Amino acid sequence: MELLDPRVDFVFKRIFASEGNKDVLLAFLNRVLQDAGALPLEEVVLLNPYTDKDDPQDKQSIFDIWARTVDGRLINIEMQLFNQYDMEKRTLYYWSKRYSSQLQTGGRYIELKKCITINILNYNVLPNAHTHSVFHLREDSSGAPLIDDIEIHFLELPKLKKAAVPGEEGLVNWLLFLKGDTDNWEVLKMNEPALQKAIETLEYLSQNPEARRRYEDRQKFLHDEASQRDGAQREGFAKGLEEGKKEGMKEGMKEGMKEGIKEGMKEGKSEGRKEGMEQAKLQIAKNLLRMGMDQQAVQAATGLTEDEIRTLN
């Protein structure tokens, strides 16, 4: 039996945000928070539990997981299979929407509760080697917190190089599960008992024809979306390259005529500038010939070949 990929957001939400799997979500959240040095949670309330109305092909369907702690803190978990780009700004934007949405008309700022964002990424974003990075709002020099209301986690799965170790508890076991480390599932279940239920849910979904159909629909949607985004990026790059080459040629011609051969050669680094410099040297050679300089001297001054100079006569 081929297992479904738990990194596909549709499957991820079925495993962690079904009403019957709140204990799985709680166990995972506690490992994330404890890995960051925070105290474990006793309970969470699902604000958008998975339902069969979640359409894998609907762009408006929300496959993030929204939860609230007993003391009112809001948690948003997002699983990203493909690079959405500008993830840092995207994270702040959605964090701010969750934070500001708490305040109703006439409400008081004191009523705003802490918002925790957890991004689980199947690609690398941050320029460090940490699998788990956590961000807060602090003063640069002293490190003193301005306010504890913002907390952002990045879990970058490709940076996880560690294998399952028998008897080792912790977040690493959950991340290995998400990466599909099926060879060591018995070890993972032994290390993290709550993973037993997560694995059983994944196995059930993998055998369920309707769940597999919806999974394949979601996979197709995500792949098509990523392909369109990459295609647009490649098209934009090619267009920018062509425009840059044209501008480089124009600039090379201008600088070559103005500064002469020596300065033009120095500046002619791009392909467009090199072509522009060649045109500039030909023009300079023409001018020198018109001024009466003999062909050999022009050849020495410009670096053109005898055949190239002969074509100017």
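Because the structure is predicted, anything quoted here is derived from the model rather than measured.
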Mind listing the closest non-hydrogen atom pair of [X] and [Y] along with its distance?
| X | Y | value |
| --- | --- | --- |
| V187 | V165 | CG1-C, 3.9 Å |
| T91 | N119 | OG1-ND2, 3.0 Å |
| L176 | A163 | CD1-C, 3.9 Å |
| A194 | V24 | O-CG2, 4.1 Å |
| P6 | F177 | CG-O, 3.7 Å |
| L46 | S18 | CD1-O, 3.9 Å |

[atom1] of [X] to [atom2] of [Y]: how many Å apart, nearest 0.5 Å?
| X | Y | atom1 | atom2 | answer |
| --- | --- | --- | --- | --- |
| K162 | E168 | NZ | CD | 3.5 Å |
| I15 | Y50 | CD1 | OH | 11.5 Å |
| Y123 | L81 | OH | CG | 9.5 Å |
| D35 | L155 | CG | CG | 8.0 Å |
| L103 | I110 | CG | CD1 | 11.5 Å |
| T131 | L157 | OG1 | CG | 8.5 Å |

In this structure, would [X] and [Y] fall into the same cluster of hydrophobic residues linked by side-chain contacts under 4.5 Å?
| X | Y | result |
| --- | --- | --- |
| I77 | L160 | yes |
| I152 | L41 | no |
| L3 | V11 | yes |
| L137 | L126 | yes |
| I118 | L121 | no |

query = Salt bridge between E43 and K22, side-chain N to carboxylate O under 4.0 Å?
reply = no
ask   = Are D181 and K179 within salt-bridge range, i.e. N to O under 4.0 Å?
value = no
So do the side chains of [X] and [Y] get within less than 4.5 Å of each other, counting heavy atoms only?
| X | Y | answer |
| --- | --- | --- |
| S206 | E2 | no |
| E203 | W185 | yes |
| Y93 | D86 | no |
| L4 | F10 | no |
| W174 | V32 | no |

For [Y], does its backbone N or O pair with a side-chain atom of [X] as donor and acceptor, under 3.5 Å?
| X | Y | result |
| --- | --- | --- |
| N191 | E169 | no |
| K113 | Q102 | no |
| E139 | S142 | yes |
| N173 | G170 | yes |
| N48 | D64 | yes |
| E156 | V125 | yes |

E216/R213 under salt bridge (Lys or Arg N to Asp or Glu O under 4.0 Å): CA gap, chis, key distance, verdict = CA-CA 5 Å; E216 290 171 353; R213 182 191 68 77; over 6 Å; no
inquiry  = Evaluate L47 against L74 for side chain to side chain contact (heavy atoms under 4.5 Å, CB included), listing each step before the verdict.
reply    = CA-CA 9 Å; L47 300 180; L74 297 177; 4.0 Å; yes
ask   = Can a donor-acceptor pair be found between the side chains of E200 and Q196 at a distance below 3.5 Å?
value = yes
key: Test log, rule side chain to side chain donor-acceptor pair (under 3.5 Å), inputs R98 and N76   = CA-CA 8 Å; R98 295 293 293 157; N76 180 57; 5.2 Å; no
Is it true that, when you exclude [X] itself, more than 12 heavy atoms of the residues, nucleotides or ligands shown sit nearer than 6.0 Å to its [atom1]?
| X | atom1 | result |
| --- | --- | --- |
| Y204 | OH | no |
| E42 | CD | no |
| Y94 | OH | no |

Qualifying residue for side chain to side chain contact (heavy atoms under 4.5 Å, CB included) with F63, from M79, K13, R14 = K13
query = Do the ring planes of F28 and F16 sit parallel (below 30°), tilted (30 to 60°) or perpendicular (above 60°)?
reply = tilted
message = Does the plane of the ring in Y99 sit parallel, tilted or perpendicular to the ring in W95? Use 30° and 60° as the thresholds.
response = parallel
message = side chain to side chain contact (heavy atoms under 4.5 Å, CB included) for T117 and E78? Distances and angles first, verdict last.
response = CA-CA 8 Å; T117 293; E78 183 173 0; 6.0 Å; no
query = How is the hydrophobic cluster of V70 composed, in terms of its other members, when Ile, Leu, Val, Met, Phe, Trp and Tyr link through side-chain heavy atoms under 4.5 Å apart, directly or indirectly?
reply = none
task = Starting from L39, walk the hydrophobic network (Ile, Leu, Val, Met, Phe, Trp, Tyr; side-chain heavy atoms closer than 4.5 Å) and list everyone else you reach, by chain and number.
result = none
inquiry  = Under the rule for side chain to side chain contact (heavy atoms under 4.5 Å, CB included), what residues qualify as partners of P209, not counting sequence neighbours?
reply    = none
key: side chain to side chain contact (heavy atoms under 4.5 Å, CB included) involving S101 - partner list, sequence neighbours excluded   = none
request  = Not counting sequence neighbours, which residues clear side-chain hydrogen bond (donor to acceptor under 3.5 Å, both in side chains) with E151? List them please.
outcome  = K114, H136, H153
remark   = With sequence neighbours left out, the residues meeting side-chain hydrogen bond (donor to acceptor under 3.5 Å, both in side chains) with R68 are none
